[in-house]
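Below you'll find the structure, written out as structure tokens, and then a few comments.
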Number of protein chains: 2
Amino acid sequence: MKAAGVPAERGPRERMVFSAAQLIRRDGVAATGMREVAAHAGAPRGSLQHYFPGGKEQLVNEAVGWAGRYAAGRVARFLAALAEPTPSGLFAEMVRQWTDEYRTAGFAGGCPVAAATVDCAESTPATREAAAAAFAAWTEPVGRALTEMGVPEERSGALATLMISSLEGAILIARAERDVRALTAVTRELGPLLDAAVRNEA
Amino acid sequence: MKAAGVPAERGPRERMVFSAAQLIRRDGVAATGMREVAAHAGAPRGSLQHYFPGGKEQLVNEAVGWAGRYAAGRVARFLAALAEPTPSGLFAEMVRQWTDEYRTAGFAGGCPVAAATVDCAESTPATREAAAAAFAAWTEPVGRALTEMGVPEERSGALATLMISSLEGAILIARAERDVRALTAVTRELGPLLDAAVRNEA
DNA sequence: CACCGACTATGACAGCGGTCATAGTAGCCG
DNA sequence: CGGCTACTATGACCGCTGTCATAGTCGGTG
């Protein structure tokens, strides 16, 4: 008789971090209550202060960290799945994860790292750093993959940042419009331009 | 003996909308209180319910709308200032507004429209629509300018969305990192690719 | 002067948030 | 059995928020 859609395995602690990330990406950090997280995870309220003595800040930071590792893991899986890896192919997969979600599950959720940045960048330094670390953890494998695909090393990092920036922005717009238009536009326009960076080696 | 940095001219009502936008872009919607807005605007608390009988939701929606019109106005001014308008030149100006702010005033503020989207997209339909309208008001003049610069009409809209997506995402990353690196990376990498779209008319 | 609308000024209220304190349970070790 | 640790379970507290209600001020108008 669990409360909500979180897999029961993997100890209550991990479930709470997962639930926190899920609620944060839907409602933002400030609007997500501790009691709500516990309920969503089907965990007892008392466990909150047991597992997260640092309070909400600690829970949020761990949720953001989890999101960063999750994103990095997805990049690795996309690369493994691509037969002939190209920059545009990787980018298309990254975007497709979001269009798929929005089409099948609705526009309820955004990126938890973006939410943490918006809500905490100025008010909670530790969370801001967690968000920066999450972006870094996400950007790094993308940049490395670009280098391996033949993109000049000095441009790989910047192009990876461009890819993630575009994706984040398109997620925002898509959620505001409740339409995947922005996501498809970004894939279509940026994809080819990314592949062009492979050849141009001066 | 005003409370904070808001110009005294332009009636208290407009000042409150302006202050709301300013506070929202710093702390997010949920963390911005009505009393705080009034104090920041140097306006009496009682004026809130007088000018905004719709409560916080109305105030937030107007702040978002104001931000959208402001962004659109900036685009128009950038275009007027550019001697030889090019897509990369426009984009560079749009980004430079943010790098300038971050360098001179610190990383306290993000984009209020992004903040409203993150905090209200799922919880407050009217605000979500206001955010969508703001993005549209911002994208439209950019797209129109691209067309006038020689970008094929069927690509202008998508490229404008790409520009704004990249900018929004880079703002997020820059704020998380407290470093304009993401903004400069995005300008340098996307700029040339935008100009390439002018010639290709196949 | 009375009157009236626009605006200002406070005080109260109900709700909810995170956090603390305290007590209870379960299981293992010796 | 006692004792200890890990975890659960509640209840209370305080601060804050948005909103409402009520009263006050000010500036014109007739």
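When reading the values below, keep in mind they use all heavy atoms of this one structure, side chains included, and skip hydrogens, waters and symmetry mates. Note that the structure is predicted; figures quoted are calculated from it, not measured.
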Between P of dA6(D) and OH of Y51(A), the distance in whole Å: 11 Å
Between dT19(D) (C1') and E36(B) (CD): distance, integer Å: 17 Å
Helix axis bend for the helix from dC1(C)-dG30(D) to dG30(C)-dC1(D) - C1'-based end axes, five pairs, 10° rounding: 20°
Which nucleotide in dG18(C), dC20(C), dT8(D) has an atom nearest any side-chain atom of Q49(A): dC20(C)
Pair D27(B), S123(A): side-chain N/O donor-acceptor within cut-off below 3.5 Å: no
Value in whole Å for how far the C1' atom of dT8(C) lies from CZ of R15(B): 13 Å
Pairwise side-chain contact, E168(B) with I171(A), heavy-atom cut-off 4.5 Å (strictly under): no
Criterion side chain to side chain donor-acceptor pair (under 3.5 Å) on T32(B) and R26(B), from CA distance to verdict: CA-CA 9 Å; T32(B) 296; R26(B) 194 184 64 189; over 6 Å; no
T187(B)-R96(B) side chain donor-acceptor pair, cut-off 3.5 Å: no
Minimum-distance nucleotide to R35(A) side chain [options: dT19(D), dT19(C), dC7(D)]: dT19(C)
Minimum-distance nucleotide to K56(B) side chain [options: dT19(C), dG11(C), dG18(D)]: dG18(D)
Side-chain H-bond candidate by donor/acceptor type, Q97(A) with E93(A), under 3.5 Å: no
Separation of dT19(D) C1' from E57(B) CD (nearest whole Å): 14 Å
Ring geometry between Y70(A) and W66(A) (parallel below 30°, tilted from 30 to 60°, perpendicular above 60°): parallel
For atom CD of Q58(B) and atom P of dT19(D), their distance in whole Å: 10 Å
Any donor-acceptor N or O pair under 3.5 Å, side chains S166(A), S165(B): no
Interatomic distance, H50(B) NE2 vs dT19(D) C1' [rounded to whole Å]: 17 Å
Value in whole Å for how far the P atom of dG17(C) lies from CG of L48(A): 13 Å
Spacing of L59(B) atom CG relative to dT19(D) atom C1', expressed in whole Å: 14 Å
Any S47(A) side-chain N or O less than 4.0 Å from OP1/OP2 of dC7(D): no
DNA chain C: 5'-proximal contact among A31(A) and P53(A) (nearest heavy atom): A31(A)
Residue R45(B), side-chain atoms from C-beta onward, closest of dT10(D), dT19(D), dT8(D): dT19(D)
Given DNA chain C, 5'-ward residue of the pair A30(A) and P44(B), judged by closest heavy atom: P44(B)
